Every structure is written in structure tokens, then in C-alpha cells.
J.: 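First the structure, which I've put down as C-alpha cells, then a few questions once you've had a look.
Since the model is a prediction, treat every value here as computed from it, not as a measurement. Basis for what follows: all heavy atoms, side chains included, without hydrogens, waters or symmetry-related copies.
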Amino acid sequence: MSSVHLRTPRIIRRVSVLRVTTGGVTQHFPPSAGEVRIGRAAGANVVVPESRVSRRHLVVSYDGGWVARDEGSAGGTWRDGAQVGEVVVDGDVELTLGGPSGPAVTLAASGAPGAEPPPPASTIRVGRAPDNDIVIDDLLTARYHARLTPNDGGWFLEDLDKHHQTFVRGADVETAQLREGDVVTFGKVRYVVTADGVLPVPDSPSSGGLDVTDVHYALPGGKVLTAGVSLDVAGPRLVALIGPSGSGKSTLLRLISGELEPSQGTVRYQGIDPHRQQEEVHGRIGVVPQHTIAHAQLTARKALQYAAELRLSQDTTAAERRQRIDDVLRELSLTDHAGTQVRRLSGGQQRRLAIAFELLTRPSLLILDEPTAGLDPALVRQIMTGLRELADGGRQVIVTTHDLAHLDRCDDVLIMLPGGRVEYFGPPDGVAAHFGTADWADIFERLNAAEPPPPPPSPSVSSADVRAWLDRLNPLTLLDRMSGFGRPPTAPAIVGPQAIDQRRRREQAWVLARRQLRLIWADRGYAGFLLALPMVLALLTFAIPDETGLGAPISPRSTEAMRLLVVLVVGAAFMGMAATVRDLVAERLIYRHERAAGLMPDAYLAAKVAVFSAVVLVQTLILLRLVFWFRAGPEDGVLFGTGKVEVGIALAATAIVSALLGLLISALVATPEQTMPPLVVAIMAQLVLCGGLIEVTGQAVVSQLSWLVPARWGYAAAASTVDVTDLVPNAPDDVLWSHNPAAWLGALLALAALGTAYAWLARRRLRAT
């Protein structure tokens with residue numbers, strides 16, 4: 001849970017404001033809050049995550065003054081070593097919960113006799129740093145996150161960090177005009193705007209938990225996956241989802257997390273719709289898929305480090321991120337394995353590491369899909385015990401499982417029928433009474449024999465719906481919308497997130513680029529392949545008899561220049577494609593998970609392009625250096641003083657554009673194994689259509705097809721520099737090979753256009769994935 005500290009009472013300009021301090025964090029509550037709940041439950045106004053504290057331990061209510069009452073807690077409420085049931089808050093009152101040595105809570109009322117009147121309204125600054133007016137102890141919040149300035153319309157909000165973590169009515173904003181009643185979220189802590197400032201939104205049973213109401217989900221073909229599911233989960237709970245295959249368990253989890261949108265019904269978590277406000281729930285809901293979501297080459301700590309840089313506020317220091325990672329590793333008993341590569345972790349450790357990724361942002365709802373699948377009984381017990389501890393720490397945990405041996409550790413069990421209907425939802429000890437048997441084999445046999453669900457009811461269309469639809473088509477209405485007229489007068493004026501997106505994209509791309517370099521270095525076999533490839537290609541050039549390299553030939557019939565350029569250009573194309581063709585598809589599951597947690601596809605692709613462009617550039621330099629050690633380069637260039645530079649630019653451009661083609665292929669195929677056929681076809685096309693092996697000029701269709709491969713334009717640029725048409729008497733009379741700046745620059749522009757097209761198509765595919 002994030003903690004909030006209002007540094008001074010000037011923000012809430014009320015007398016008799018209750019001040020609650022625990023764990024070094026202070027919160028303020030006005031009399032209008034009614035009652036303030038203190039306990040271990042996530043829905044409490046003040047959460048004390050200690051096992052000795054009851055879920056609903058203490059209630060402080062206002063009736064002319066503040067009074068604290070124990071709610072029948074197991075360990076009791078204590079003051080000065082004596083147990084108390086009711087205490088009047090007439091000054092600073094220090095209480096301990098769960099026993100005389102339990103966690104301390106200090107209560108005070110700012111409106112007590114002699115209290116100073118509040119100062120006049122002024123600017124409010126919000127952030128993680130202790131000198132803010134509102135201090136939020138949460139690493140999703142920036143050190144200086146936002147500023148609220150009073151004006152005639154209410155309050156003007158400025159996002160000082162511009163990191164996509166300030167929301168007004170569910171929209172991420174850079175600036176906004178706030179009015180009384182608006183709800184604004186900093187990181188994942190919500191406030192309601194008043195005439196005097198902002199107040200923390202008190203979590204209630206209706207807004208502090210998970211509320212699923214009559215949710216249906218059907219595929220476009222009509223097959224029903226969930227039908228009429230309703231759930232109400234309040235407070236810290238461990239809920240197990242069980243049922244036969246095809247009962248919609250995983251579908252229900254995806255509906256709750258916001259990945260799928262229901263065909264009918266609603267999902268709310270803490271009052272937020274995860275389908276409409278996905279950015280706002282990223283830090284609140286953690287989703288742990290069944291598959292591994294960490295790169296196998298990285299150590300557990302390194303994998304968490306990059307995840308923390310992507311998910312937490314960009315102004316968190318390395319020390320803050322390191323401390324949060326240490327806390328998560330300790331919480332999941334992974335500290336001793338922090339330096340172990342992910343591929344060397346056991347199955348249970350990898351499952352706990354997947355949970356660790358989500359705990360970085362301290363989510364209050366954790367969703368796990370089959371975390372015990374494929375594990376031995378000892379590891380299953382270990383995982384379920386860990387989930388029980390997470391729930392006891394103040395979280396809601398929902399887990400699908402086929403393991404029935406540890407359901408007694410759960411608070412509730414949700415049993416689903418084929419077709420996605422709920423058969424039972426309640427405590428584990430009520431299952432036998434509901435089904436009339438405790439034999440799970442009999443229960444599952446009965447579930448499998450259940451009748452399939454009826455198709456979802458077709459929504460009826462009323463006359464009001466028809467009128468609303470016609471009104472939307474009214475030209476005057478459309479003009480009003482375009483011009484801005486007709487807006488509700490109370491809607492906040494919000495400046496869109498374009499600038500936020502640009503900064504966030506750059507920050508994520510930088511983190512991902514560093515991670516990609518680390519991945520290449522950590523996979524020594526792959527790094528060795530990338531380094532050896534240009535050396536092998538350089539050796540292949542020795543198969544061509546050496547006379548003068550790319551210089552003027554001694555023999556008038558020599559074709560050495562044309563053949564050498566074929567090896568160099570097609571080799572550069574092969575280096576580019578080989579480096580990238582398996583990259584995106586191999587990371588697809590990780591990419592999907594990171595994207596659901598806020599990763600931007602453009603940042604992901606930009607990091608790949610930058611890193612692999614640098615890699616193939618180094619490969620090209622190695623190839624050229626080795627070749628030109630033994631063979632002469634071109635005598636002069638068409639634009640620069642030396643032809644070697646121009647040939648190097650042509651080969652590097654060919655390799656980079658081919659790397660983009662490899663990324664496109666990787667984005668299109670479904671599995672890494674499927675990359676081989678398109679890779680072979682693409683390399684053969686580069687070899688045949690480059691123009692140096694087979695004449696393509698003047699051949700209908702073939703000539704046009706050659707324009708689509710990078711090697712055609714890379715060979716044209718290199719041939720233009722070398723002046724192949726003049727050096728080789730029998731060379732094709734290809735206008736693209738003309739020894740002049742226009743031909744050379746034209747080939748490079750064509751390569752740039754091809755690379756842009758490949759990158760654009762890959763981007764579209766990533767966005768659709």
C-alpha cells in the first residue's frame with residue numbers, strides 16, 4: 001500500500017481534522033469523512049500491515065469530537081500498557097494494536113482547544129520528497145510530482161514530472177483545470193478536489209475491492225467463454241479459481257485485469273474500470289502469467305532492475321530501486337538467488353520471480369494464472385504458502401489452479417462450470433455441503449456433465465437509443481463536437497499526453513537499449529556468432545581469384561569486382577537478417593506482458609533498431625577491414641575522396657535495412673522455428689535480385705521485384721562507387737550503377753525508403769500483438 005503524509009494541515013482547511021500517524025506516515029481526515037477505519041485490510045483508510053493487527057481493528061468516528069473504538073479485535077487496543085475499548089481523542093493519543101508491544105498509532109485532533117486557525121489558501125505541491133505539502137511514499141510517484149494552484153475556476157493542476165502518472169477522471173494529463181468533486185490520482189493514490197484543496201479518497205467496501213457484475217464474454221463466432229459471472233471481493237483475500245478445462249478461468253482473469261473487454265457486464269477495481277482506465281490500474285493490478293516473463297540470460301536481480309526502471313517513476317534513484325528490489329527478493333525468499341541466471345532457477349523459483357516483477361509497484365490485487373502448473377507437490381505447497389502470506393500482508397490474490405490439496409489455505413473458492421458459469425463461490429469448507437460430497441472426482445464429473453450455457457441475450461434497442469443514434473448523426477451535433485460547443489460545463493479542461501508520451505518513449509527506449517546490449521553480452525554463444533560471422537564472410541572472398549580487388553583489373557575479361565561485390569553486399573544483408581530474425585518472436589510473451597504493464601511499442605521497436613543497427617555497423621567494419629587487408633579498394637569515389645568510405649556506407653546501409661527486414665519477419669511469424677523458411681527465401685531473393693549475379697535490368701516483373709530487396713540498392717550504390725560498368729566490359733548496362741553522385745545518393749534514398757517501410761510494418765504488427 002502507498003502511504004500518504006500531509007505535511008501541514010493547511011491543505012485541508014477544516015477544524016477538528018483527525019491526524020493519524022503510524023509507521024512514520026501521517027494522514028489527515030476531516031469530520032466529513034464520517035469514520036476512519038484502521039486495520040490490516042486493504043480497504044481500510046489507514047492500513048497497518050502487521051499480523052497482530054486485525055483486518056478491521058479500530059474505528060475513529062466524529063460526533064462533535066473524535067472517538068476511537070476497538071472493533072472486537074483479536075489482540076485488542078492498548079494505551080499505556082492497559083487494554084481499552086474506547087478512547088476520546090482530546091490531544092495526542094498513542095495506542096498500540098494487537099498488544100502492549102504491537103505497532104503504534106498516534107491520533108490527534110487539529111481542532112482541539114487552542115489550535116491555530118489554518119493559513120490562507122496557497123499552492124499545493126505533491127510528491128515523494130519530504131518537503132512537499134502532500135508526501136506520497138510510493139515509487140510510482142515522482143519526487144516533485146505535481147503542483148496545484150488556486151484560481152477562479154478551482155485549482156489548476158500541473159504535472160511537474162510528466163511521466164504519465166497523473167490522472168484526472170481516468171485520463172492521463174500534463175495540465176488540467178480541476179473543479180470541486182473531480183478525482184485526481186498521483187501514481188496510484190487518489191484524491192478528491194474540494195474548495196479548500198484535496199482530500200484522500202477514503203476507500204469503502206464498494207470502491208476498495210473487486211466488483212464483477214454480470215460479466216459475459218463471447219467470441220465473434222458466438223462461442224460463450226464466460227456467462228453471468230458476478231463477484232464481490234473486499235479486503236485482503238486469497239481466492240482460488242478452479243474448474244474443468246473450458247470453464248473460462250483464464251478468460252475471467254483476463255477480463256478482470258483489463259486485457260479483454262466483456263461483451264456484457266462491468267468490472268471495477270477500487271472504483272476504476274480497468275478497460276477504460278488501463279494506465280491508472282497498472283500499479284494497482286499485478287498479473288503473473290503461467291509462462292516465464294524474464295529473459296533467461298539475465299540474473300534475477302538484473303531482470304528486476306530493468307523492470308524497475310521501466311515501471312517505477314523515472315526520477316527514482318538507483319539506491320531506491322535497489323532497496324525496493326531487495327525488499328521484494330526478501331519477501332519472496334529469493335535473496336540467496338539474486339545473482340543466479342533465470343534459466344538456472346528451479347521451476348518454483350522462476351514462479352516466485354514472476355511474482356516479484358509485479359510486486360515492484362506494490363499492487364493491491366495480484367492475479368496469477370496456474371502458478372503451480374508442472375511443479376512437484378513440495379513446490380506447490382511452497383507457492384501456495386507464499387500466496388497466503390501475500391494475502392495476509394494486505395493484498396487481494398486471485399489464482400487459478402488445478403491443485404486441490406491446498407485449498408484450505410484460501411479464503412474463498414470460485415468453482416466454474418464449462419461455458420464460464422459460476423457454480424459455487426464461498427469458503428472452502430462449504431464446498432462439501434454445496435455438492436453433497438467432498439470427493440473432487442465426483443464434483444468434477446458433475447461439473448463436466450452440466451448443460452451448456454444459453455447464448456447471451458441480445459441487447460434490446462429502445463426508442464431512446466434510436467433517437468440518441470440519430471442525434472449523433474445530426475450535422476449540427478457533429479459541428480458542435482468539432483468546434484467544442486456542447487461540452488458539459490463541469491468537464492475539466494485537460495491538456496493531452498502527447499508531450500508525456502514523447503518523454504516516456506525516450507526513457508523507455510534508453511532502458512530497453514541497455515537491456516538489449518546486456519542480453520547480447522550475456523548470451524556468449526550468440527555474441528560469438530555475431531562476431532564470427534563477418535570473419536567467415538571475409539574468408540569466403542578468398543574463393544574469388546585475386547587480381548586487383550575493386551580496382552582497375554589487369555585482365556580485360558576480369559569479373560572480380562562484380563563477384564566480390566556480390567559476396568560483400570549479400571553478406572551484409574545476411575548479417576543484418578541473421579542478427580534480428582529470431583529476436584521479436586523469441587520475446588513475444590515477455591513483450592506482451594511488459595506492454596500490459598505500460599511498455600510502449602514504439603519505445604520497444606526503437607531500442608531494437610538502435611542496438612541492432614550498431615551491431616551490424618560493427619560487423620560491417622570488421623568485414624571491410626579484413627577484406628581490404630588483402631584486396632585493393634576502389635580507386636576513387638563519386639562523392640567522397642575515397643571509394644572505401646562509400647562502399648562501407650553502402651554495405652552498412654544494406655545491413656541495417658536488412659536487419660529491419662529481419663525484425664519484420666520476426667514480428668510476423670508465430671514461433672522461432674517458423675523464421676527459417678522466410679529467412680532462406682529472403683536471402684535467396686537478395687542473392688538473385690541484387691543484380692550482380694543475374695542481370696535484372698530490363699526484365700519485366702523481375703526488375704520491379706528487385707526494387708523490394710535491400711541488396712539491389714546496396715549493390716547499386718557500391719557498383720556506382722566502384723564504376724563496375726567501366727571496369728567490367730561485359731557488365732550489364734544498369735543505369736543504377738552510373739558512376740555519379742545522383743546514382744549513389746538515389747540508391748541510399750531507396751534503402752532509406754525500404755527501411756522506413758519495413759519499420760512501419762513491424763510497428764503496426766507490434767501494436768496489434
J.: Taking the side chain as everything from C-beta on, heavy atoms only, tell me whether Leu18 gets closer than 4.5 Å to Val20.
T.: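 Yes. Closest side-chain heavy atoms under 4.5 Å.
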J.: Under 30°, 30 to 60°, or over 60°: which ring-plane class applies to Tyr191 and Phe186, parallel, tilted or perpendicular?
T.: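 The rings of Tyr191 and Phe186 sit tilted, inter-plane angle from 30° to 60°.
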J.: Would you say the side chain of Leu241 lies within less than 4.5 Å of the side chain of Thr401, judging by non-hydrogen atoms?
T.: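 No, their side chains stay 4.5 Å or more apart.
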J.: Would you say the side chain of Val46 lies within less than 4.5 Å of the side chain of Arg37, judging by non-hydrogen atoms?
T.: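 A side-chain contact under 4.5 Å is absent here.
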J.: Sorted by first residue and then second, give each salt bridge (Lys or Arg N to Asp or Glu O under 4.0 Å) pair with at least one member in residues 382-394; sequence neighbours left out.
T.: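 Of all non-adjacent pairs touching residues 382-394, those that pass salt bridge (Lys or Arg N to Asp or Glu O under 4.0 Å) are Arg388-Asp392, Arg388-Asp411.
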J.: For Asp315, give me all partners under salt bridge (charged side-chain N to carboxylate O under 4.0 Å, His left out), at least two apart in sequence or on another chain.
T.: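 Asp315 satisfies salt bridge (charged side-chain N to carboxylate O under 4.0 Å, His left out) with Arg128 once adjacent residues are dropped.
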J.: List for me each residue that meets salt bridge (charged side-chain N to carboxylate O under 4.0 Å, His left out) alongside Glu71, sequence neighbours excluded, and say none if there are none.
T.: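 Expected list: Arg56.
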J.: Using the test salt bridge (charged side-chain N to carboxylate O under 4.0 Å, His left out), find all partners of Asp429 that sit at least two apart in sequence or belong to another chain.
T.: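 Asp429 satisfies salt bridge (charged side-chain N to carboxylate O under 4.0 Å, His left out) with no other residue.
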J.: Leu360 and Ala307: which non-hydrogen atoms are nearest, and at how many Å?
T.: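 In terms of heavy atoms, the two residues are closest at CD1-CB, 3.8 Å.
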J.: I'd like to check Leu97 versus Val105 (side-chain heavy atoms, cut-off strictly below 4.5 Å). Are they in contact?
T.: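 The answer is yes; the side chains approach within 4.5 Å.
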J.: So do the side chains of Gln349 and Leu334 get within less than 4.5 Å of each other, counting heavy atoms only?
T.: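 In contact.
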J.: I'd like to know whether Ser230 forms a side-chain hydrogen bond (donor to acceptor under 3.5 Å, both in side chains) with Asp214, so could you lay out the CA-CA distance, the side-chain angles of the two residues, the decisive distance to 0.1 Å, and finally the verdict.
T.: CA-CA 5 Å; Ser230 294; Asp214 192 29; 5.2 Å; no
J.: Can you run down the salt bridge (Lys or Arg N to Asp or Glu O under 4.0 Å) pairs that involve residues 143-158, sequence neighbours left out, and say none if there aren't any?
T.: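 Applying salt bridge (Lys or Arg N to Asp or Glu O under 4.0 Å) to every pair that reaches into residues 143-158, excluding sequence neighbours, yields Arg147-Glu158.
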J.: Does the pair Lys249/Asp369 count as a salt bridge with the N-to-O cut at 4.0 Å?
T.: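 Result for this pair is no, no salt bridge flagged.
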J.: Say whether, by atom type as modelled, one donor and one acceptor occur between the side chain of Gln396 and the main chain of Ile367 under 3.5 angstrom.
T.: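 A pair under 3.5 Å: no.
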J.: Tell me every residue that passes side-chain contact (heavy atoms from CB on, under 4.5 Å) with Gln305, counting only those two or more places apart in sequence or in another chain.
T.: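 So Gln305 forms a side-chain contact (heavy atoms from CB on, under 4.5 Å) with Lys302, Glu309, Ile325.
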J.: Just jot down the salt bridge (charged side-chain N to carboxylate O under 4.0 Å, His left out) partners of Arg69, sequence neighbours excluded, or say none.
T.: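 Per chain and number, Arg69 pairs via salt bridge (charged side-chain N to carboxylate O under 4.0 Å, His left out) with Glu86.
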J.: Could you tell me whether the side chain of Thr141 reaches within less than 4.5 Å of the side chain of Val189, counting heavy atoms only?
T.: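 A side-chain contact under 4.5 Å is absent here.
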J.: Can you list everything that forms a ring-ring contact (aromatic ring centres under 6.0 Å, His included) with His275? Sequence neighbours excluded, please.
T.: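 Result, ring-ring contact (aromatic ring centres under 6.0 Å, His included) vs His275: none returned.
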J.: Check whether any side-chain heavy atom of Arg352 sits under 4.5 Å from a side-chain heavy atom of His337, and report yes or no.
T.: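 No, every pair of side-chain atoms sits at 4.5 Å or beyond.
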J.: Taking atom types as modelled, is there a side-chain donor on Gln270 or Ser364 under 3.5 Å from an acceptor on the other?
T.: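 A pair is found: one side chain offers a donor N or O, the other an acceptor, under 3.5 Å apart.
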J.: Please identify each residue that fulfils ring-ring contact (aromatic ring centres under 6.0 Å, His included) with Phe357, with sequence neighbours left out.
T.: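 With neighbours one apart ignored, the set is empty.
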J.: Give the table of side-chain donor-acceptor pairs shorter than 3.5 Å for residues 77-85, with sequence neighbours excluded, one pair per line with atom names and distance.
T.:
unit_1 : atom_1 : unit_2 : atom_2 : d
Thr77  : OG1    : His57  : NE2    : 3.4
Thr77  : OG1    : Asp70  : OD2    : 2.5
Trp78  : NE1    : Gly75  : O      : 2.9

J.: Salt bridge between Arg311 and Glu594, side-chain N to carboxylate O under 4.0 Å?
T.: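 Looking at Arg311 and Glu594, the cut-off is not met.
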J.: Any ion pair linking Arg179 and Asp182 (charged N to carboxylate O, less than 4.0 Å)?
T.: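 No, Asp182 and Arg179 are not salt-bridged.
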J.: Got a sec, which residues hit side-chain contact (heavy atoms from CB on, under 4.5 Å) with Ala318, two or more places apart in sequence or on another chain?
T.: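 Expected list: Arg321, Arg322.
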J.: Looking at residues at least two apart in the chain, or sitting in another chain, which of them share a side-chain contact (heavy atoms from CB on, under 4.5 Å) with Glu331?
T.: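 If we apply the side-chain contact (heavy atoms from CB on, under 4.5 Å) test to Glu331, skipping adjacent residues, the hits are Leu359, Leu390, Arg395.
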